[in-house]
There are 2 protein chains.
Amino acid sequence: MTPAERRAAIVDATLAVMVRQGIAATTARDVAAEMGTSSGLIHHYFASMDELLAEAFDWVASDDLARTVGALDASDDPVERLAIFFAFYNRADEDWGMQLWLDAWSEAARRPALQQTSRRLNVAWHSLVADLLRAGVGSGAMTCDEPDAVAWQIISLLDGLALQAVAHADLVARDDANSWARGYAEDQLALERGVLRSRATDRR
Amino acid sequence: MTPAERRAAIVDATLAVMVRQGIAATTARDVAAEMGTSSGLIHHYFASMDELLAEAFDWVASDDLARTVGALDASDDPVERLAIFFAFYNRADEDWGMQLWLDAWSEAARRPALQQTSRRLNVAWHSLVADLLRAGVGSGAMTCDEPDAVAWQIISLLDGLALQAVAHADLVARDDANSWARGYAEDQLALERGVLRSRATDRR
DNA sequence: AGATCTATTGCACAGTTGTCCAACAGTCTC
DNA sequence: GAGACTGTTGGACAACTGTGCAATAGATCT
């Protein structure tokens with residue numbers, strides 16, 4: 001096993017423990033046990049536990065973003081692309097799931113190592129959504145005066161849904177919340193500064 | 001100092017430490033240092049650390065809810081009451097602030113002691129908002145087909161805004177987000193199952 | 001084969017944590 | 001004032017943590 005492979009294996013094991021126990025409760029010994037190796041090995045590849053956690057979180061973040069972008073390539077229609085984005089964002093059945101996100105967000109407030117990734121990621125997602133909106137406006141398929149502001153609103157909205165889904169999944173039906181989020185985004189695109197307008201194009 | 005007062009003092013000190021260091025990093029010794037007493041004293045009043053944390057969180061939750069309800073008594077106008085609710089929900093400059101909420105939510109996923117309060121609280125807030133909506137509909141001031149569903153949406157939305165405000169306050173301007181939330185709620189009240197309608201009454 | 005280097009182990013160390021407990025210091029009752 | 005009770009202290013204890021390090025195993029090179 002090459003050093004690069006070993007490093008990746010450690011990150012993989014760390015992710016497994018992270019999901020199972022939460023970021024704060026992820027210890028070097030647990031990760032070592034997950035791999036069936038010694039805990040000292042981890043510190044041979046990572047200078048500190050913070051560095052390992054940051055790299056694992058960064059890996060999840062990058063992978064998630066990359067897969068979203070990849071899925072978006074499936075379509076050229078601006079409105080359909082936005083729908084794909086919404087469907088992808090709702091990924092509670094994934095390996096790591098929403099719990100890890102909420103966890104990372106909370107943890108990032110205290111760990112500088114995580115904060116950097118959390119911040120970069122947030123900007124990246126916003127930029128992605130804003131681009132989707134601008135493409136839609138450019139193609140004439142939708143109306144949106146302030147794509148940047150609306151993108152922040154959509155991101156915040158989805159975060160709130162995700163948070164509720166993690167904490168109280170049984171109270172708020174996931175399918176309902178997701179379809180509502182999609183419907184809301186379509187409505188929001190037609191809103192201009194709080195003034196309701198009927199859209200010219202028919203909605204499906 | 002009576003036993004009840006001492007218990008309250010311990011909860012107060014615990015809250016101070018919670019806000020400063022986060023729930024997960026709140027230790028018995030820190031709480032004792034905050035009060036200038038011994039750490040053994042804490043276990044004389046609370047059977048375990050989990051019990052203390054749960055009681056402190058429960059105190060914040062109850063107090064927050066009670067103060068919101070109290071503030072709502074200031075008005076009889078249904079629409080104004082909803083506006084008061086929105087203004088109150090946005091309380092980042094409070095003593096404990098939004099960080100504690102996010103923290104508690106994340107922590108509740110792992111600590112059964114916190115989970116109960118988190119769940120009860122979520123239901124209470126939903127019930128409060130749903131009642132506000134129903135009162136508005138009843139008075140004829142607004143339109144809302146499914147107050148229960150919309151109440152969940154509003155709660156989720158505000159949680160998302162709060163989450164963003166805590167994690168990336170500098171990226172999303174708080175005033176913008178807050179005014180947008182209020183404006184959105186007004187719009188949402190006029191939405192029926194995804195179909196946009198112009199409201200008959202003029203908006204302020 | 002011998003030397004050299006790296007991956008890996010097992011353990012030691014110091015620092016924290018929750019929990020518990022014997023001792024002390026008050027206050028109240030008789 | 002003697003005794004009983006309760007609040008409070010200070011520290012002990014075991015379990016845990018991240019980190020560092022000497023010793024070993026294994027591969028690679030000369």
Side-chain angles (χ1 to χ4, degrees), chain A residues 1-58 103-104 106-115, chain B residues 1-58 103-104 106-115:
Chain A
M1 194 178 280
T2 73
E5 285 171 343
R6 180 56 95 184
R7 244 185 110 92
I10 294 178
V11 170
D12 268 353
T14 304
L15 283 174
V17 179
M18 268 184 171
V19 171
R20 199 170 52 231
Q21 309 178 356
I23 295 181
T26 298
T27 72
R29 282 168 179 81
D30 288 338
V31 174
E34 178 78 19
M35 290 194 302
T37 62
S38 139
S39 79
L41 180 62
I42 291 169
H43 282 85
H44 187 259
Y45 285 92
F46 294 90
S48 71
M49 203 57 200
D50 263 2
E51 184 185 313
L52 172 56
L53 291 178
E55 182 148 336
F57 175 44
D58 195 82
D103 216 31
S106 175
E107 206 68 27
R110 267 181 298 283
R111 289 182 201 253
L114 294 186
Q115 202 164 16
Chain B
M1 194 179 281
T2 72
E5 284 171 345
R6 180 56 94 183
R7 245 185 109 92
I10 293 178
V11 169
D12 268 354
T14 304
L15 282 174
V17 179
M18 268 185 172
V19 172
R20 200 170 51 230
Q21 309 178 355
I23 294 180
T26 298
T27 72
R29 283 168 179 79
D30 288 338
V31 174
E34 178 78 20
M35 291 194 302
T37 62
S38 139
S39 80
L41 181 62
I42 291 169
H43 282 86
H44 187 260
Y45 286 91
F46 295 90
S48 71
M49 203 59 200
D50 263 2
E51 184 185 314
L52 172 56
L53 291 179
E55 182 147 335
F57 176 43
D58 196 82
D103 217 31
S106 175
E107 207 67 28
R110 267 181 298 282
R111 289 182 200 253
L114 294 185
Q115 201 162 16

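Just so you know, these numbers use all the heavy atoms, side chains as well, and skip hydrogens, waters and symmetry mates. Lettering follows sequence order; numbering is per chain, from 1.
The phosphate of C:dT8 (OP1 or OP2) has a side-chain N or O of A:Arg6 nearer than 4.0 angstrom. Side-chain nitrogen and oxygen atoms of A:Thr27 include at least one within less than 4.0 Å of the OP1 or OP2 phosphate oxygen of D:dT17.
Listed nucleotides D:dT17, C:dT9, D:dT9 differ in distance to A:Thr37; the shortest reach to its side chain belongs to C:dT9. If you check C:dT17, C:dT8, C:dG10 against the side chain of B:Asp30, the one that comes closest is C:dT17. When distances are taken from the side chain of A:Met49 to each of D:dG7, D:dG18, C:dG18, the shortest belongs to D:dG18. Side-chain proximity of B:His43 to the nucleotides D:dT8, C:dT19, C:dA12 is greatest for C:dT19. The side chain of A:Ser39 sits closest to C:dC11 out of C:dA12, C:dC11, D:dT8.
Under the rule for a side chain to side chain donor-acceptor pair (under 3.5 Å), A:Ser39 has no partner lying at least two apart in sequence or in another chain.
As rounded to whole Å, 16 Å separates atom C1' of C:dT6 from atom CZ of A:Arg7. Computed from coordinates, the B:Phe46 CZ to D:dT8 P distance equals 13 Å when rounded to whole Å. Separating the NE2 atom of B:His44 from the C1' atom of C:dG18 is a distance of 17 Å, rounded to the nearest angstrom. Atom CD1 of A:Ile10 and atom P of C:dT9 are 10 Å apart (whole Å). Put simply, CD1 on B:Ile42 is 14 Å from P on D:dG10, counting in whole angstrom units. Taking atom CZ of residue A:Arg29 and atom C1' of nucleotide C:dT9, one finds them 14 Å apart after rounding to whole Å. Atoms CG (B:Leu41) and P (C:dC20) sit 15 Å apart, rounded to a whole Å.
Both tests hold for A:Arg7 against A:Phe46: distance to the six-membered ring centre under 6.0 Å, angle to the ring axis within 45°.
Of the inter-residue distances, the one linking B:Thr26 atom OG1 with B:Met49 atom CE reads 6.5 Å to the nearest 0.5 angstrom. Residue B:Arg6 holds its CZ atom at 10.0 Å from CD1 of B:Ile42, rounded to the nearest 0.5 Å.
The nearest pair of heavy atoms linking A:Arg111 to A:Ala24 is NH2-CA, 4.0 Å.
Counting non-hydrogen atoms under 4.0 angstrom, B:Tyr45 reaches the backbone sugars and phosphates but no base. A:Thr26 comes within 4.0 angstrom of the backbone, heavy atoms only, and of no base.
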Go through A:Asp103 and A:Ser106 one step at a time and tell me if the side-chain hydrogen bond (donor to acceptor under 3.5 Å, both in side chains) criterion holds. CA-CA 5 Å; A:Asp103 216 31; A:Ser106 175; 5.9 Å; no

Full working for side chain to side chain contact (heavy atoms under 4.5 Å, CB included) between A:Thr14 and A:Glu55: CA-CA 10 Å; A:Thr14 304; A:Glu55 182 148 336; over 6 Å; no

Please write out the pairs of protein N or O atoms and N or O atoms of nucleotides 22-28 of chain D separated by less than 3.5 Å, giving the distance to one decimal.
none

